[in-house]
Amino acid sequence: MARYVTTTLPYVNADPHIGFALEIVQADVLARTWRLQGEEVFFNTGTDEHGQKIWEAAEKNGQDVQGYVDHYASEFRKLKEALALDNPTFIRTTDEHHKRAAQEMWRRCEAKGDIYKKTYTGLYCVGCELYKTEKDLTGEGFCLIHTNLKAEEVSEENYFFRFSKYADQLTKYMSRSDAAIPQWRRGEALTFVASGLEDFSISRKKERLVWGVPVPGDDTQVMYVWFDALTDYISTLGWPEDIEGNFAKFWESSRTLQMAGKDQVRFQSLMWQAMLMSADIKNTDQVFYHGFITSGGQKMSKSLGNVISPYELVSKYGTEATRYLLLRHVHPVEDTDVTWERLDEWYTANLVNGLGNLVARVMKLAEEHLPQPVELSLDDTRIEELFLEHLEGFRFNEAMDLIWEHIGKGDAYMTEQEPYKKVKQEHTKADGIADIERLVRHIAKIAVHLTPVLPKTSVAILASVRTNTKPENLFPRST
RNA sequence: AGCGGGGUAGAGGAGAGGUACCUCGAGAGGCUCAUAACCUCUAGACGCCGGUUCGAUUCCGGCCCCCGCAACCA
């Protein structure tokens, strides 16, 4: 069966966030795991590039918008190299094909009678360029952020999507036990639907939102970013024309998975699913919601100055260690607090002293005492069922724990059997050599399990086993 | 207010109806193959109060605290 996995598309008004790195590394591990099992996989990511905020950010930087989004698109594209991502397809919502797809999505919903025009009256803060509700304003009607600006009452005619019409269908969809992971996010979505759905606005007047996809058949309106961006999950597959057949293969007749942050439940599991229902397209089979990474007990934010960027992680610890830290020490679905101090600790304890050191001590003995490389058997390279179950169940941390359990066992075996002593005495030499061979098989088995999670390390260990040589330090001690 | 998540040794985390596990740190031994690494042993913990149960830290209820749902942001 073909498989499909996508990240959400990050909005390009800031540098890549560590939370997005988490999301895309998790997606990558799944894509790699499936590919190892011989499945055909479509792995999608990209950038969300429309919207008023981006227009403004570009103006603020004195850049033209296209140049601005091009710059960010390339910043996000670099993640592929930095995080060793296995061949993701990279879509930009400013791609011509994507814009046509978004317009086709609009036409389909419209044909279904799910798009209508309505005058919206609200309190608008010019500073924020956003409509505000009463709780966003002071008692006197001033904006909480721009405290010197009084929100103005503004009326605007926009297009709305009949979200409310899909309440029953969404409830039914969310009743599938695997529609959202973890389970409690499903509960959240169901509660939200039960509380009553309000149709949402899907366009803005062109004067207010210049940088967006034009609404088909109405030059005065532009699509609001959500409507446009969500469509990327299928436009990336070539929908609607589907000349190459990817949509049929990877969406319609495959098991589809979306990865997203925990704040995305409403958008991914409800709004987007309602749009698909309206357009008569198959719903996403499963959406996985990861937790957030905090730093020093607080949400990362530029103003607090506690942002840890994925590129900083990679330049300090390297690609493989960054993947390791994200997969083992960040909880898949709960929030995790991360500080540089803790990152150093995990890196040294588990990669330098753990994995790296074990490989070094085993291969040093092998290089000196084995006459030839160990022949690996089929059994040495078989992946444990439990390991795969953990990965398929999004328990990346537990899958990693399993590997590190074996690393600990390798070290213990070495101390108990003392092959380094045995090889020095004629009458125990053969026994010592057999121990070393067993240890080499053991690290080979560890390497095989590392394939989807730490791909380069896995290759390095297996190469070292094949040539029977001690490798360069896999994880150098950081100074 | 409401909704959701969480409170586990000195620190940070995992886990689960019946010996509570991992990393760092502390104490005592051991080893020399290894990246001053590794192994063994020891001390030390399930927020509070009830309930269900033969048995609760785990399930249920109440309470107390922390975090997110608003922001440059995933």
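Labels below follow one simple rule: chain letters A, B, ... track the order of the sequence lines, proteins then strands, and each chain is numbered from 1.
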Separation of atom [atom1] in [X] from atom [atom2] in [N], rounded to whole Å:
X	N	atom1	atom2	result
A/Glu367	B/A34	CD	C1'	12 Å
A/Asn350	B/A37	CG	P	14 Å
A/Tyr420	B/G30	OH	P	14 Å
A/Leu358	B/C38	CG	P	11 Å
A/Leu355	B/A37	CG	P	16 Å
A/Leu325	B/U23	CG	C1'	13 Å
A/Phe292	B/C66	CZ	C1'	17 Å
A/Ile308	B/C73	CD1	P	18 Å

[X] side chain: which of [options] is closest?
X	options	value
A/Trp346	B/A34, B/A74, B/G12	B/G12
A/Met414	B/A74, B/C33, B/A14	B/C33
A/Asp401	B/C38, B/A14, B/U32	B/A14
A/Asn357	B/G4, B/C33, B/U35	B/U35
A/Asn353	B/C33, B/G4, B/A37	B/A37
A/Val352	B/G4, B/C73, B/U35	B/U35
A/Lys53	B/C73, B/U23, B/C33	B/C73
A/Lys421	B/C31, B/G12, B/U35	B/C31

Whole-Å [atom1] distance, [N] and [M]:
N	M	atom1	answer
B/G6	B/U58	P	14 Å
B/G7	B/G13	P	10 Å
B/A43	B/A20	P	12 Å
B/C59	B/C41	C1'	37 Å
B/C48	B/U8	C1'	15 Å
B/C24	B/A36	P	16 Å
B/A14	B/C22	P	15 Å
B/A9	B/A26	C1'	12 Å

Could you check whether [X] gets within reach of a base, just the sugar-phosphate, or nothing at all, counting any heavy atom under 4.0 Å?
X	value
A/Ala360	base
A/Glu345	base
A/Glu416	nothing
A/His329	nothing
A/Phe192	nothing
A/Glu334	sugar-phosphate
A/Ile436	nothing
A/Lys409	nothing
A/Asp263	sugar-phosphate
A/Ile18	nothing
A/Asn473	base

[X] side-chain N/O to [N] phosphate OP1/OP2 under 4.0 Å:
X	N	result
A/Arg477	B/A37	yes
A/Lys470	B/U35	yes
A/Lys262	B/G5	no
A/His331	B/A14	yes

Problem - From OG (A/Ser269) to CD (A/Gln258), nearest 0.5 Å - result: 7.5 Å
What does [N] pair with, Watson-Crick or G-U, if both distances are under 3.5 Å?
N	result
B/U19	none
B/C48	B/G62
B/C24	B/G10
B/C3	B/G68

Non-hydrogen side-chain atoms of [X] and [Y] separated by less than 4.5 Å:
X	Y	result
A/Thr284	A/Thr6	no
A/His406	A/Ile443	no
A/Arg328	A/Trp346	no

Is there a donor in the side chain of [X] and an acceptor in the side chain of [Y], or the other way round, less than 3.5 Å apart?
X	Y	value
A/Tyr289	A/Asp263	no
A/Asp411	A/Asn357	no
A/Tyr420	A/Glu368	no
A/Tyr324	A/Asn350	yes
A/Thr47	A/Glu49	yes

Handout entry: First of A/Glu368 and A/Gln264 reached from the 5' end of RNA chain B, by closest nucleotide
Key = A/Glu368
Fill in the blank from the handout: Of A/Tyr11 and A/Gly354, the one whose nearest nucleotide on RNA chain B sits closer to the 5' end is A/Gly354
